[in-house]
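Reckoned from all heavy atoms, side chains included, excluding hydrogens, waters and symmetry mates.
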Amino acid sequence: EEALGQSIELWMLSTIEGWARQETTSNQANFDHNETSSLELIELLDKVTRNGKSLALLQSPSQYLVAIPLGSQSVAIATVLTDSPDVFVGLANISSRFFCQQEEMSRLREENDFFLKQVCDDFEELTFLRAMAERLGLGDSTHTLEQLVKVSLPDLGKSAHAEKLHLVLAFEDEHQVLASWQTDEIERTPQDPATARLLVEYYQSLGAQQPVIKNNCDSTTPGQAFPGVRDFIIVPVGEPEAPIGWFVAINRLAEYKDKAADFPEWRLNQHEFGTSEASLLSTAAAMTASHANNLSLFQEREMLLVNVVRTLVSAVEAKDLYTCGHSERVALYAKRLAEQVGYSKEACELLYLTGLLHDVGKIAINDAILNKPGRLTNEEFAEIQRHPDEGWKILHGLQQLSYVLPGVLHHHERIDGKGYPDGLADQDIPLDGRVLAVADAYDAMTSDRAYRTGMPHEKAISILRDGSGTQWDSDAIEAFLAIEPEIINIREQYQPREKTSRVPTPASSPAL
């Protein structure tokens with residue numbers, strides 16, 4: 001317009017309206033091309049667009065209607081007074097090619113930026129999956145399913161470009177949301193676990209074989225039942241026929257979602273959930289299900305181990321009436337005392353099992369000595385002193401129980417070195433042994449034995465105070481006294497486990 005000193009019309013092709021004149025920013029009056037019929041004008045626009053070259057249509061002597069293509073859907077039109085239309089068309093073609101080149105460069109730049117972002121997203125997904133695999137490898141039994149999911153959910157949600165991500169667990173009565181996450185890139189809204197549960201209950205049957213992906217579902221009748229949900233993906237965790245739960249990603253996060261129609265097809269995955277997000281969630285679901293299965297197997301192994309320990313303890317209690325309940329009470333005292341002296345939660349559980357097994361060596365001791373109503377002779381006491389070594393012999397071949405050996409072997413050592421079986425002193429005695437020695441001594445003094453009744457709590461505490469630093473570790477005694485009310489509560493609340501009695505099988509009736 002500046003070069004010609006007149007207005008230029010801009011026409012654009014629409015799939016709905018066809019060719020339509022666009023408003024321009026020119027302050028000059030629009031030129032009149034009434035001498036050209038509408039049909040001729042449309043034919044000119046189509047021809048210019050099809051050939052990609054400028055054309056000049058003679059209207060009157062020295063006046064031409066010039067059409068200049070600007071890309072595939074735009075044409076500029078001007079009425080030009082010239083005696084050299086070919087020269088003008090040539091200049092117009094140069095301008096048109098320059099404009100198209102600029103447009104192509106802009107498009108390629110945008111396309112390159114998009115594919116660069118796609119590569120970065122793919123790299124982030126690989127990094128996330130690698131990190132998740134490392135957590136599974138290092139976490140073993142120390143990471144519960146909830147802990148693993150809460151750590152992984154933020155990175156998984158970001159990689160899936162979701163506004164919200166939930167893990168819904170399957171239960172017979174009602175589904176339960178185990179963990180939730182929502183992005184900070186939009187205005188945060190209160191978490192609504194009920195929506196994720198309802199989505200799963202409504203669509204889970206469709207996801208028996210593959211993930212369920214719904215985009216723009218808020219415009220559909222079923223989608224209106226889930227307010228605030230535009231798009232979602234539901235991916236089963238575990239076997240599709242009997243999943244342990246589902247990942248539910250809600251609303252695809254997209255910077256230009258409202259302008260989706262303005263972008264080419266290769267950018268569709270910027271504003272809709274697709275196979276990329278579903279594949280990532282499916283991979284994460286498979287890894288989560290694997291960890292859940294490993295946790296289940298580990299818990300079964302732990303339960304089997306505990307049951308074996310209880311069986312060994314029952315075998316000891318069957319030989320020695322005094323030990324009935326003694327081992328479990330010592331285990332309970334030792335676990336609480338271990339917490340007080342700074343053991344980790346896991347170490348406290350291990351010491352509890354050690355307490356259950358600390359007297360297992362009495363299986364090898366003569367029953368008559370164990371249940372003798374009177375005081376033991378020196379020879380009989382020497383026989384009793386064998387039980388830590390006998391316990392070590394019974395357990396040392398079990399690799400899964402190797403952690404109990406220090407406590408089983410050394411719970412009768414003394415700080416002054418006068419204990420047994422090795423006569424260790426002070427810090428040479430393993431900490432498990434020092435802690436168990438206090439718990440074992442307290443229960444031994446307050447429990448009924450074959451030759452005497454248990455002494456009162458106050459007297460037992462007095463003896464422990466007097467023996468602090470000589471017979472028992474002073475730090476362990478101090479910690480024991482600090483939790484004295486809890487020790488009393490454990491003692492008073494303890495109830496021996498009931499043994500199951502077998503119901504005899506009825507004899508079959510004789511055949512007639």
Side-chain angles (χ1 to χ4, degrees), residues 313 322-360 362 384-385 387-388 391 403-449 451-497:
V313 172
Y322 149 69
T323 61
C324 184
H326 166 72
S327 296
E328 188 158 20
R329 287 194 301 273
V330 169
L332 292 170
Y333 297 147
K335 179 181 177 181
R336 181 62 191 92
L337 181 55
E339 293 176 4
Q340 189 67 20
V341 300
Y343 276 51
S344 67
K345 183 178 180 180
E346 182 183 7
C348 288
E349 294 297 332
L350 298 181
L351 188 64
Y352 173 80
L353 290 180
T354 304
L356 290 178
L357 289 168
H358 78 284
D359 273 345
V360 71
K362 289 184 176 179
I384 288 289
Q385 288 180 319
H387 81 271
Y403 58 85
V404 308
L405 296 181
V408 169
L409 186 60
H410 298 297
H411 67 277
H412 281 296
E413 302 285 2
R414 292 171 52 113
I415 296 300
D416 58 12
K418 297 179 180 180
Y420 63 90
D422 295 336
L424 301 180
D426 202 21
Q427 300 299 310
D428 290 338
I429 305 171
L431 183 56
D432 283 4
R434 284 179 272 155
V435 171
L436 280 170
V438 176
D440 185 44
Y442 173 79
D443 192 73
M445 289 187 284
T446 56
S447 301
D448 294 335
R449 305 191 70 168
Y451 57 88
R452 64 158 174 81
T453 57
M455 65 180 65
H457 166 80
E458 293 75 13
K459 184 176 180 180
I461 291 295
S462 177
I463 293 174
L464 289 174
R465 287 181 188 274
D466 293 341
S468 177
T470 55
Q471 183 169 354
W472 298 289
D473 181 87
S474 57
D475 291 337
I477 292 295
E478 182 180 352
F480 191 84
L481 296 176
I483 58 172
E484 186 177 341
E486 296 176 62
I487 295 297
I488 294 174
N489 186 61
I490 293 173
R491 180 185 172 201
E492 293 177 348
Q493 297 295 323
Y494 173 75
Q495 293 291 332
R497 296 176 182 273

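In this view, H411 and H358, H387 satisfy the ring pair (Phe, Tyr, Trp, His ring centres under 6.0 Å) rule, not counting sequence neighbours. The side-chain hydrogen bond (donor to acceptor under 3.5 Å, both in side chains) search around R414 returns D416, Q471, not counting sequence neighbours. Partners of N489 under the side-chain contact (heavy atoms from CB on, under 4.5 Å) rule, at least two apart in sequence or in another chain, are Q493. Checked against side-chain hydrogen bond (donor to acceptor under 3.5 Å, both in side chains), Q385 has no partners two or more places apart in sequence or in another chain. Residues satisfying the side-chain hydrogen bond (donor to acceptor under 3.5 Å, both in side chains) criterion with Q427, sequence neighbours excluded, are R434. Taking the side-chain contact (heavy atoms from CB on, under 4.5 Å) definition, one finds that I463 meets it with M445, M455, K459, W472, sequence neighbours left out. Every side-chain contact (heavy atoms from CB on, under 4.5 Å) that P430 has, sequence neighbours left out, goes to P406, H410, L424.
Here salt bridge (Lys or Arg N to Asp or Glu O under 4.0 Å) pairs that include residues 332-344, with residues two or more places apart or in two chains, are K335-E349, R336-E339, R336-E486. Listed by first and then second residue, the ring-ring contact (aromatic ring centres under 6.0 Å, His included) pairs that reach into residues 330-353 are Y333-Y442, sequence neighbours excluded.
Across all their heavy atoms, A444 and H326 have their closest contact at N-CE1, 4.3 Å. Minimum interatomic distance between I415 and G469 (heavy atoms only, all atoms of both residues): CG2-O, 3.5 Å. T354 and V408 make their closest contact through CG2-N, 4.1 Å (heavy atoms, listed as atom of the first residue, atom of the second, distance). A334 and A439 make their closest contact through N-CB, 3.8 Å (heavy atoms, listed as atom of the first residue, atom of the second, distance).
Summarising the local packing, CD of E484 is surrounded by more than 12 heavy atoms from other residues, nucleotides or ligands at distances under 6.0 Å.
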(message) The test is side-chain contact (heavy atoms from CB on, under 4.5 Å); show your working for Y403 and D432 and say whether it passes.
(response) CA-CA 10 Å; Y403 58 85; D432 283 4; over 6 Å; no
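Taking CG from D428 and CD from E413, the interatomic distance works out to 9.5 Å, rounded to the nearest 0.5 Å. With rounding to the nearest 0.5 Å, the separation of CD1 in I487 from CG in L337 is 6.5 Å. To the nearest 0.5 angstrom, S327 atom OG is 9.0 Å from D443 atom CG. Note that the CG atom of D475 and the OG atom of S468 stand 8.0 Å from one another [nearest 0.5 Å].
No donor-acceptor pair closer than 3.5 Å links the side chain of D359 to the backbone N or O of K362.
Looking only at side-chain heavy atoms (C-beta outward), L436 and L351 come within less than 4.5 Å of each other.
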